[in-house]
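First comes the structure, then the notes that go with it.
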Amino acid sequence: YATYFSYYTVVHHRNVLSSSLDLGLEENVIWNALHRGALFRTTPYGGPTGNLLGEHAAYLSYVIAPIYGLHQSAETILILQSVLIGGAAIPLYLVARKYLGPWLSCLIAVLYVLYPPVHGSNLYDFHYPPLAPFFLWFTLYFALSGKTVRTFIFAALTLSVREDVSMGLVVGGLFLMLTNRRSRTGLYLAMAGAFYFVAMKLVIMPFQRGGHEAFIHQYAGLVPEGSKGFGGVMKTILGNPAFTLGVILEKDKLIYLLEIFLPLGFFPLRRSIGLLCCVPGFLFTLLSTGYRPLYQISFQYTAHWTSYLFIALIANLAWVERTASRHGRRGQAWHRAWIVAMSLAMLVTSYQLGGLLQHNATRGGFGVYHFGTSAEDVVRRRSVSELLAMVPRKAKIVSSENIVPQTSNRAFAYTLRMGIADADYLLFSVPPGGEERAKVAEV
């Protein structure tokens with residue numbers, strides 16, 4: 001998995017098809033962390049004083065920085081992303097082994113690798129949420145193994161992925177408590193996750209933004225008049241559930257839910273623990289009002305489902321095994337039927353929607369993903385390379401959206417559609433389009 005997706009995402013990037021938001025943006029954060037120790041400084045987003053402080057709390061970028069230092073290119077973090085996403089199959093298998101036999105645990109890991117929402121999140125540039133399962137599932141494994149120090153090291157790494165991933169510790173901790181495995185550790189994890197989420201999302205990050213909460217526009221339709229922020233969203237959810245239900249039951253969201261649950265044969269919903277594992281996905285994707293990336297499987301937000309549905313899958317399979325053992329041959333047939341149903345559902349949907357078994361309809365980001373290299377790609381790649389060779393290493397450069405990730409491994413790499421700023425060099429696609437046309441015309 002890691003080799004396959006590393007290859008295709010690096011080729012996609014080399015063909016100048018990646019974007020400033022978010023590959024260029026995130027690489028520049030890591031570059032500045034490595035060279036300047038700056039806290040979330042990123043010039044593709046906001047110009048000379050650009051900073052993500054208050055937007056997202058992805059402290060994992062400081063863990064990644066030394067690895068990035070070995071080869072300072074966007075390719076490094078694309079490869080690292082594929083390794084961590086694919087590598088999450090290992091702790092998933094180890095967690096499953098605490099509840100199930102080796103072959104069934106292996107099958108769960110294979111189902112994860114084939115899961116289309118995982119592929120979509122991997123193919124859209126670089127983002128932090130898809131990295132969460134690797135750290136969260138290792139946290140659960142070490143907790144189940146009674147290794148306290150390693151548990152809390154990986155819990156800290158889970159929190160460092162991003163502020164909303166802290167909900168993963170809440171779900172993971174409750175999972176341990178509900179399955180009567182390491183209940184005290186589970187309680188500590190759940191409390192730590194809840195405290196971190198509230199502190200970061202509702203106190204620290206708004207303070208860093210002057211009292212304003214980031215990304216509230218994604219849920220604007222749920223903020224009642226006279227209210228603001230996520231507090232207003234929760235007021236609508238609790239005070240007007242009929243309206244909230246109408247927001248959720250939109251056609252596109254129902255299709256999205258089919259794409260999330262059908263590959264797993266709806267099996268995570270077989271028992272109430274599955275509903276618990278749906279809470280992060282419900283909060284962070286289904287409540288969106290008009291921001292379509294939140295409910296499309298070609299974006300990073302699918303991690304709010306993937307991280308937890310496979311936990312429910314393990315718990316439910318363990319329950320089916322226990323129940324089947326009490327009903328003899330009939331119970332064994334019931335057990336096998338679920339396994340066959342999930343396996344076939346995953347194969348069919350992975351072929352239709354995923355990126356491992358076909359390349360014709362796979363989506364990554366806003367459109368169908370372009371695999372491989374065409375003659376046009378070769379020309380574009382050569383042209384950009386020749387032009388960038390003319391730019392001094394320390395010069396300030398402003399570029400088109402798809403060119404920024406080729407220049408973001410420097411102190412000042414601006415995004416053209418956001419402004420020229422104090423750039424020394426301008427590099428844009430011909431003809432410039434949209435917001436970029438006016439910016440080019442200015443100079």
Self-check item: Under 3.5 Å: donor-acceptor pair, side chain of Ser18, backbone of Asp125
Solution: no
Quiz item: Looking at Tyr369, Tyr7, Phe126, which one forms a ring-ring contact (aromatic ring centres under 6.0 Å, His included) with His12?
Solution: Tyr369
Exercise. State whether the side chain of Tyr141 and the backbone N or O of Ile90 hold a donor-acceptor pair below 3.5 Å, judged by distance alone.
Key: no
Practice problem: Look up atom OG1 in Thr415 and atom CD1 in Ile420, then write down how far apart they are to the nearest 0.5 Å. | Solution: 11.0 Å
Quiz item: Under 3.5 Å, is there a donor-acceptor pair linking the side chains of Thr362 and Gln358?
Solution: yes
Practice problem: Return yes if some donor-acceptor pair links the side-chain N/O of Gln300 with the main-chain N/O of Ser121 below 3.5 Å, else return no. | Solution: no
Quiz item: If you take all heavy atoms of Phe366 and Pro293, which pair is closest and at what distance?
Solution: CE2-CG, 4.1 Å
Quiz item: So, the side chain of Thr42 versus the backbone of Leu25: is there a donor-acceptor pair under 3.5 Å, distance only?
Solution: yes
Quiz item: Looking only at heavy atoms, what is the nearest atom pair of Val404 and Ser399, with distance?
Solution: CG2-O, 3.6 Å
Quiz item: Is there a side-chain contact between Arg14 and Glu75, using heavy atoms and a 4.5 Å cut-off?
Solution: yes
Quiz prompt | Interatomic distance, Leu111 atom CG to Met346 atom CE [nearest 0.5 angstrom] | solution = 5.0 Å
Exercise. Before giving the answer on side-chain contact (heavy atoms from CB on, under 4.5 Å), spell out for Phe135 and Val165 the whole-Å C-alpha distance, their side-chain angles and the decisive distance to 0.1 Å.
Key: CA-CA 10 Å; Phe135 299 103; Val165 173; over 6 Å; no
Exercise. May I have the step-by-step check of salt bridge (Lys or Arg N to Asp or Glu O under 4.0 Å) for Arg380 and Glu376, ending in yes or no?
Key: CA-CA 6 Å; Arg380 182 172 55 254; Glu376 183 182 348; 3.8 Å; yes
Self-check item: Heavy-atom pair with the smallest gap, counting every atom of Leu92 and Ala109
Solution: CD2-CA, 4.1 Å
Exercise. Under the salt bridge (Lys or Arg N to Asp or Glu O under 4.0 Å) rule, collect the residues that match up with Glu436, sequence neighbours excluded.
Key: none
Practice problem: Please report the shortest heavy-atom distance between Ala155 and Leu169, naming the atom on each side. | Solution: O-CD1, 3.9 Å
Exercise. Just say parallel, tilted or perpendicular for the rings of Phe40 and Tyr62, cut-offs at 30° and 60°.
Key: perpendicular
Quiz item: Going through the checks in order, is the side-chain contact (heavy atoms from CB on, under 4.5 Å) test met by Tyr59 and Leu159?
Solution: CA-CA 8 Å; Tyr59 293 100; Leu159 293 176; over 6 Å; no
Quiz item: With sequence neighbours excluded, what pairs up with Val378 under the side-chain contact (heavy atoms from CB on, under 4.5 Å) test?
Solution: Thr373, Arg382
Exercise. For Thr285 and Phe282, indicate whether the former's side chain and the latter's backbone hold a donor-acceptor pair under 3.5 Å.
Key: no
Exercise. Would you check if the side chain of Thr76 reaches a backbone N or O of Gln72 as a donor-acceptor pair within less than 3.5 Å?
Key: no
Exercise. Spell out, as yes or no, whether a donor-acceptor pair under 3.5 Å connects the side chain of Asn316 to the backbone of Pro268.
Key: yes
Exercise. Indicate the ring-plane relationship of Phe134 and Phe138, choosing parallel, tilted or perpendicular according to the 30° and 60° boundaries.
Key: perpendicular
Exercise. Applying side-chain contact (heavy atoms from CB on, under 4.5 Å), name anything that partners Arg363, two or more places apart in sequence or on another chain.
Key: Ser298, Val368
Quiz prompt | Backbone of Arg381 reached by a side-chain donor or acceptor of Ser385 within 3.5 Å | solution = no
Self-check item: Pairwise distance CG(Leu269) to CZ(Phe261) - rounded to 0.5 angstrom
Solution: 4.5 Å
Quiz item: What pair of heavy atoms forms the shortest contact from Ala220 to Thr289, and how long is it?
Solution: N-OG1, 3.4 Å
Quiz item: Does the side-chain contact (heavy atoms from CB on, under 4.5 Å) test come out yes or no for Ile397 and Leu388, once each step is laid out?
Solution: CA-CA 10 Å; Ile397 183 169; Leu388 284 177; 3.9 Å; yes
Quiz item: Looking at CG of Leu427 and OG of Ser400, how far apart are the two atoms once the value is rounded to the nearest 0.5 Å?
Solution: 7.0 Å
Exercise. Could you tell me the separation between the CG atom of Leu34 and the CD atom of Glu27, rounded to the nearest 0.5 Å?
Key: 11.0 Å
Quiz item: Do Val170 and Phe197 touch side chain to side chain, with heavy atoms closer than 4.5 Å?
Solution: no
Quiz prompt | Where His119 and Tyr1 come nearest, the two heavy atoms and their spacing | solution = CD2-CE1, 3.9 Å
Practice problem: Step by step, work out the side-chain contact (heavy atoms from CB on, under 4.5 Å) result for Leu262 and Gln352. | Solution: CA-CA 12 Å; Leu262 186 56; Gln352 292 289 339; over 6 Å; no
Quiz item: Under 30°, 30 to 60°, or over 60°: which ring-plane class applies to Tyr8 and His359, parallel, tilted or perpendicular?
Solution: perpendicular
Exercise. Mind checking side-chain contact (heavy atoms from CB on, under 4.5 Å) for Pro241 and listing every partner two or more places apart, or none if nothing turns up?
Key: none
Quiz item: With a 4.5 Å limit on heavy-atom distance, are the side chains of Pro48 and Tyr414 in contact?
Solution: yes
Quiz item: Should Asp164 and Tyr301 count as side-chain neighbours, where that means a heavy-atom distance under 4.5 Å?
Solution: no
Quiz prompt | Greater than 12 external heavy atoms within 6.0 Å of Arg184's CZ | solution = no
Quiz item: Does the side chain of Asp22 pick up a donor-acceptor pair with the side chain of Tyr45 at under 3.5 Å?
Solution: no
Residues 252-260 side chain polar contacts: donor-acceptor under 3.5 Å, at least two apart:
residue	atom	partner	partner atom	Å
Asp252	OD2	Arg292	NH1	2.4
Lys253	NZ	Val247	O	3.1
Lys253	NZ	Leu286	O	2.7
Lys253	NZ	Ser288	O	2.4
Tyr256	OH	Trp305	NE1	3.1

Exercise. Give, for atom CG of Leu140 and atom CZ of Arg181, the distance between the pair rounded to the nearest 0.5 Å.
Key: 12.0 Å
Practice problem: Please examine the side chains of Tyr219 and Leu294, heavy atoms only from C-beta on, and report whether any two atoms are closer than 4.5 Å. | Solution: yes
Quiz item: Sequence neighbours excluded, which residues qualify as ring pair (Phe, Tyr, Trp, His ring centres under 6.0 Å) partners of Tyr308?
Solution: none
Exercise. Taking Ser61 for its side chain and Ile30 for its backbone only, find out whether a donor-acceptor pair lies under 3.5 Å.
Key: no
Practice problem: Give me the ring orientation class for Phe299 and Tyr124: parallel if the planes are under 30° apart, tilted from 30 to 60°, perpendicular past 60°. | Solution: perpendicular
Quiz item: Does the side chain of Ile273 come within less than 4.5 Å of Phe175's, by heavy atoms?
Solution: yes
Quiz item: Within a strict 4.5 Å, meaning less than it, do heavy atoms of the His56 and Glu163 side chains meet?
Solution: yes
Quiz item: Can you say whether the rings of Phe310 and Tyr112 are parallel (under 30°), tilted (30 to 60°) or perpendicular (over 60°)?
Solution: perpendicular
Practice problem: Answer yes or no: is there a side-chain heavy-atom contact under 4.5 Å between Ser429 and Ile403? | Solution: yes
Quiz item: Would you say Arg41's side chain and Asn28's backbone share a donor-acceptor pair under 3.5 angstrom?
Solution: no
Exercise. For the residue pair His35 and Trp31, categorise the inter-ring angle as parallel (less than 30°), tilted (30 to 60°) or perpendicular (more than 60°).
Key: parallel
